[in-house]
Trainee: 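This is the structure I have questions about; it appears just below.
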Number of protein chains: 2
Amino acid sequence: MNIEKNKEERKLRILASIIREYITTAVPVSSRSVAAAMGSSLSSATVRNIMAELEESGYIEQPHTSAGRRPTDKGYRQFVNLMARRLEMEKEKAIILRDQFEERIRSIKDIIERTTSLISRELKHTGLVMWPTMDGVYLKHIELVRIKAKTVLAVLVTMTNAVKNYIFMVEKDIEKTQLKKISNFLSSNFEDSKLSAISERLKVKAPGSGNSQVTKLASSALEIIDKIIEIDIENDVFMEGMNWFAMEPEFRDPKVSKHVLNLISDRKIFGRLMQKELPYRGVNVYIGSENESEILKDCSVITSGYDIHGETVGRFGVVGPTRMDYESILRTIGCLSDVISKKLVELSK
Amino acid sequence: MNIEKNKEERKLRILASIIREYITTAVPVSSRSVAAAMGSSLSSATVRNIMAELEESGYIEQPHTSAGRRPTDKGYRQFVNLMARRLEMEKEKAIILRDQFEERIRSIKDIIERTTSLISRELKHTGLVMWPTMDGVYLKHIELVRIKAKTVLAVLVTMTNAVKNYIFMVEKDIEKTQLKKISNFLSSNFEDSKLSAISERLKVKAPGSGNSQVTKLASSALEIIDKIIEIDIENDVFMEGMNWFAMEPEFRDPKVSKHVLNLISDRKIFGRLMQKELPYRGVNVYIGSENESEILKDCSVITSGYDIHGETVGRFGVVGPTRMDYESILRTIGCLSDVISKKLVELSK
DNA sequence: CTTAGCACTCTAATATCCCGAGTGCTAAAT
DNA sequence: ATTTAGCACTCGGGATATTAGAGTGCTAAG
């Protein structure tokens with residue numbers, strides 16, 4: 001029984017070894033090099049037997065007979081699952097990460113840009129950050145501007161100093177002065193609230209036929225706030241470091257490179273992907289074919305959430321070829337999640 | 001003398017023929033196919049002689065002996081110069097272009113997105129649009145928000161419904177209420193003015209020690225406006241259709257494709273490029289090595305300006321491989337410039 | 001269960017060949 | 001004085017052949 005377990009464990013250690021080597025070399029791994037990597041405690045022949053079993057289980061594959069093995073998506077998955085528990089970042093590294101966010105952070109935009117840039121530089125893959133959903137975020141300021149008849153421009157400033165704007169139609173035309181009143185009404189009564197909370201509270205206020213003036217104001221305001229919430233499904237994604245794809249040897253294949261270009265020119269894919277997993281704060285890993293999108297079948301996407309005041313309002317992550325360094329990425333992403341969330345709280349005072 | 005001229009003209013007609021064929025096939029052009037294209041009025045032998053001359057002049061080159069000729073940058077340049085005068089768009093095409101801007105245009109953002117998308121779809125190259133410089137643009141609304149001590153967030157809404165925001169430091173801390181006053185002061189006195197004009201007019205008002213209250217307000221406002229103008233050098237560029245690069249046969253070469261990825265992940269290049277040529281409304285063409293940036297040496301960039309109220313405030317254009325269809329691009333870009341400018345005026349009522 | 005040994009397989013790099021598209025030149029034709 | 005037909009020559013690149021060696025699977029011994 002104990003022996004059984006040891007056997008299984010050794011098998012997985014070998015899988016890990018194969019993956020680690022393949023990640024750095026991008027070349028199918030031979031039994032010999034695995035044996036060497038395992039400290040020569042095993043002969044290549046033994047390793048060969050085990051590798052045959054691993055292939056049987058679908059964790060690795062041969063591009064062709066008489067070539068080494070490379071990990072399959074399933075193999076990567078196994079690997080990721082196994083190590084998922086122990087992914088603390090070394091103290092020093094964590095401090096280096098933190099330091100990157102020390103200077104000149106004045107708005108969430110700065111944080112977002114800093115994050116993608118960090119991911120790009122440190123992890124050598126494309127970094128992604130989703131803007132926080134507006135409805136989960138506290139407002140600092142709201143301003144309404146009349147564009148033309150029945151058309152309103154809303155400018156929101158969040159506690160994190162993000163500026164977002166929305167143009168939308170309203171039922172009946174609102175005068176410039178009236179709009180100013182609504183702006184003021186919202187600003188004075190609902191500053192420092194969340195969009196969703198404002199909507200809730202307005203719903204209570206609006207239909208109650210107390211002071212007709214206030215009621216009217218509230219119902220106009222409600223219409224506008226709900227419009228904003230409705231529009232805000234787009235969820236913009238900020239990307240940086242697409243050029244790392246070019247460095248990968250996989251990129252030599254023109255078919256692949258074509259794919260990649262199509263991929264990175266369509267940020268919506270990532271917007272949808274991250275939106276979907278949103279209430280969740282933890283780390284997600286999608287490996288190759290695990291991705292819903294066909295276009296991502298040779299890529300892996302690793303994402304994590306970030307909080308503002310304990311509420312998960314956005315996600316960020318990394319895209320790259322399936323052959324990526326899951327270990328260091330998972331470590332970094334996990335750590336970054338904390339750093340960003342902390343910074344965001346600081347930002348909103 | 002007349003004969004001389006005919007000779008020269010024929011030479012250039014052949015150059016044009018070579019270029020047109022090369023643009024569509026991407027394969028060096030042989031004397032035979034040129035002869036055929038010229039309606040068999042010339043034999044391939046004659047064409048060969050002329051091609052030798054064209055090569056002598058540096059307009060075309062052979063990749064190697066016993067191959068056809070392909071245009072050099074100089075050749076493309078000559079071609080572009082020659083046809084530059086007669087580039088009217090056909091009426092029908094122009095109308096089709098115009099129609100694309102009919103629906104749901106509510107802000108300059110819509111126009112910018114529509115433009116890049118149009119360029120991408122119609123011309124099958126990457127489309128670029130530079131946001132208009134703020135200082136040349138009329139303001140509809142200005143809002144100042146206190147971020148923290150000595151830090152101000154300015155949100156500007158232009159006549160074209162663009163929302164831009166700037167975070168900056170000011171000399172001494174300004175109270176929230178005071179900031180509100182400055183906002184109102186600016187909004188009520190300077191709405192519908194240009195940023196640069198506001199600055200000018202404030203300069204007059206500020207030092208004049210009339211009403212101390214107003215003077216103080218004006219000088220604070222001046223500081224802020226000047227800060228905004230100062231910051232606004234970044235000049236964001238909107239891009240779409242980078243994936244067209246992937247379709248080009250040139251892209252087969254991994255070196256080239258690497259270049260391209262680096263290129264498109266750096267929009268600043270185009271920001272600087274367009275910024276530089278800014279006061280100019282007309283069309284510019286940079287062919288291959290004519291580009292300042294080394295990274296663009298295998299690309300051509302064609303740009304044109306757009307106006308708001310007769311003042312050229314931004315530029316837009318196309319990037320692609322040197323082997324691009326200059327004729328149809330120049331036609332389209334020229335026409336688009338008018339369409340956009342017209343729409344922008346409509347937008348700002 | 002492990003390992004040494006060996007036959008076998010298949011890729012990728014290199015070499016060789018050769019077709020044919022395209023040229024440049026020359027000499028005849030206009 | 002051009003233009004053109006004719007022809008020899010060049011060279012890239014596709015097709016094919018060859019080979020080296022990296023890696024495997026299997027067997028039999030440790």
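In this text the structure is predicted, and so the values were computed from the model without any measurement. Residue numbers begin at 1 in each chain, while the letters A, B, ... track the order of the sequences. Both backbone and side-chain heavy atoms feed into the values below; hydrogens, waters and symmetry mates do not.
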Trainee: Just how far, in rounded Å, is P of D/dA22 from CD of A/Glu21?
Mentor: 15 Å
Trainee: Compare side-chain N and O positions of B/Arg10 against OP1 and OP2 of D/dT3 and report whether any pair is under 4.0 Å apart.
Mentor: yes
Trainee: Out of D/dT4, D/dC11, D/dT24, which has the shortest distance to the side chain of B/Thr46?
Mentor: D/dT4
Trainee: Can you tell me which nucleotide in C/dG24, D/dT24, D/dT4 comes closest to the side chain of A/Ser30?
Mentor: D/dT24
Trainee: Apply side-chain contact (heavy atoms from CB on, under 4.5 Å) to the pair A/Asn284 and A/Arg315, showing each step before the final yes or no.
Mentor: CA-CA 10 Å; A/Asn284 275 342; A/Arg315 305 207 111 234; 4.1 Å; yes
Trainee: Within this structure, what is the CD-to-C1' distance between B/Glu53 and C/dT23, rounded to whole angstrom?
Mentor: 16 Å
Trainee: Taking the minimum atom-to-atom distance to the side chain of A/Arg69, which one of D/dG23, D/dT24, C/dT3 wins?
Mentor: D/dT24
Trainee: Starting at the 5' end of DNA chain D, which residue's closest nucleotide do you reach first, B/Ser44 or B/Pro63?
Mentor: B/Ser44
Trainee: Confirm from the modelled atom types if B/Ser66 and C/dT23 form a donor-acceptor pair under 3.5 Å, side chain to base only.
Mentor: no
Trainee: Nearest whole Å is fine: how far is C/dT2 C1' from A/Ile14 CD1?
Mentor: 13 Å
Trainee: Should B/Arg32 be listed as having a side-chain N or O under 4.0 Å from OP1 or OP2 of C/dG22?
Mentor: yes
Trainee: If the test is side chain to side chain donor-acceptor pair (under 3.5 Å), which one of A/Tyr76, A/Tyr286, A/Tyr326 qualifies with A/Ser300?
Mentor: A/Tyr326
Trainee: Mind checking B/Ser31 for me? I need base, sugar-phosphate or nothing, with any heavy atom below 4.0 Å counting as a touch.
Mentor: sugar-phosphate
Trainee: Out of C/dT23, D/dG12, C/dG22, which has the shortest distance to the side chain of B/Met51?
Mentor: C/dT23
Trainee: Using atom types as modelled and distance alone, determine if a side-chain donor or acceptor of B/Lys93 lies under 3.5 Å from a backbone N or O of B/Thr332.
Mentor: no
Trainee: Please report, rounded to the nearest Å, how far the P atom of D/dC7 is from the CZ atom of B/Arg48.
Mentor: 14 Å
Trainee: Report yes or no: do A/Thr24 and A/Arg20 form a side-chain donor-acceptor pair below 3.5 Å?
Mentor: no
Trainee: Is any side-chain N or O of A/Arg70 under 3.5 Å from a base N or O of D/dG23, one able to act as donor and the other as acceptor?
Mentor: no
Trainee: Taking five pairs at each end of the helix from C/dC1-D/dG30 to C/dT30-D/dA1, what angle separates the two helix axes (nearest 10°)?
Mentor: 30°
Trainee: Roughly, in whole Å, what's the span from CD1 in B/Ile50 to P in C/dG22?
Mentor: 18 Å
Trainee: Has the side chain of A/Asp73 got a donor or acceptor atom that lies under 3.5 Å from a matching backbone atom of A/Glu290?
Mentor: no
Trainee: In whole Å, what is the span from the CG atom of A/Asn49 to the P atom of D/dA28?
Mentor: 15 Å
Trainee: Select one nucleotide: of C/dG22, C/dC10, D/dA22, the one nearest the side-chain heavy atoms of A/His64.
Mentor: C/dC10
Trainee: A quick test of your reading: do over 12 heavy atoms of other residues, nucleotides or ligands sit less than 6.0 Å from CD of B/Glu53?
Mentor: yes
Trainee: If you compare every side-chain N and O of A/Thr65 against the phosphate oxygens of D/dT24 (OP1, OP2), does one of them come in below 4.0 Å?
Mentor: no
Trainee: Does the A/Arg121 side chain pair with the main chain of A/Thr116, one donor and one acceptor, at a distance under 3.5 Å?
Mentor: no
Trainee: Between D/dG25, D/dT3, C/dG22, which nucleotide has the shortest distance from any of its atoms to the side chain of A/Gln62?
Mentor: D/dG25
Trainee: Checking side-chain polar atoms at under 3.5 Å, does A/Thr303 have a donor or acceptor matched by the opposite partner on A/Glu277?
Mentor: yes
Trainee: Separation of B/Leu54 atom CG from C/dT23 atom C1', in whole Å?
Mentor: 15 Å
Trainee: Within this structure, what is the CD-to-C1' distance between A/Glu55 and D/dG23, rounded to whole angstrom?
Mentor: 13 Å
Trainee: With no angle test and no hydrogens, is the base of C/dT3 tied to the side chain of A/Ser43 by a donor-acceptor pair under 3.5 Å?
Mentor: no
Trainee: Report the residue (B/Ala45 or A/Gly68) whose heavy-atom-nearest nucleotide on DNA chain D is the more 5′ of the two.
Mentor: B/Ala45
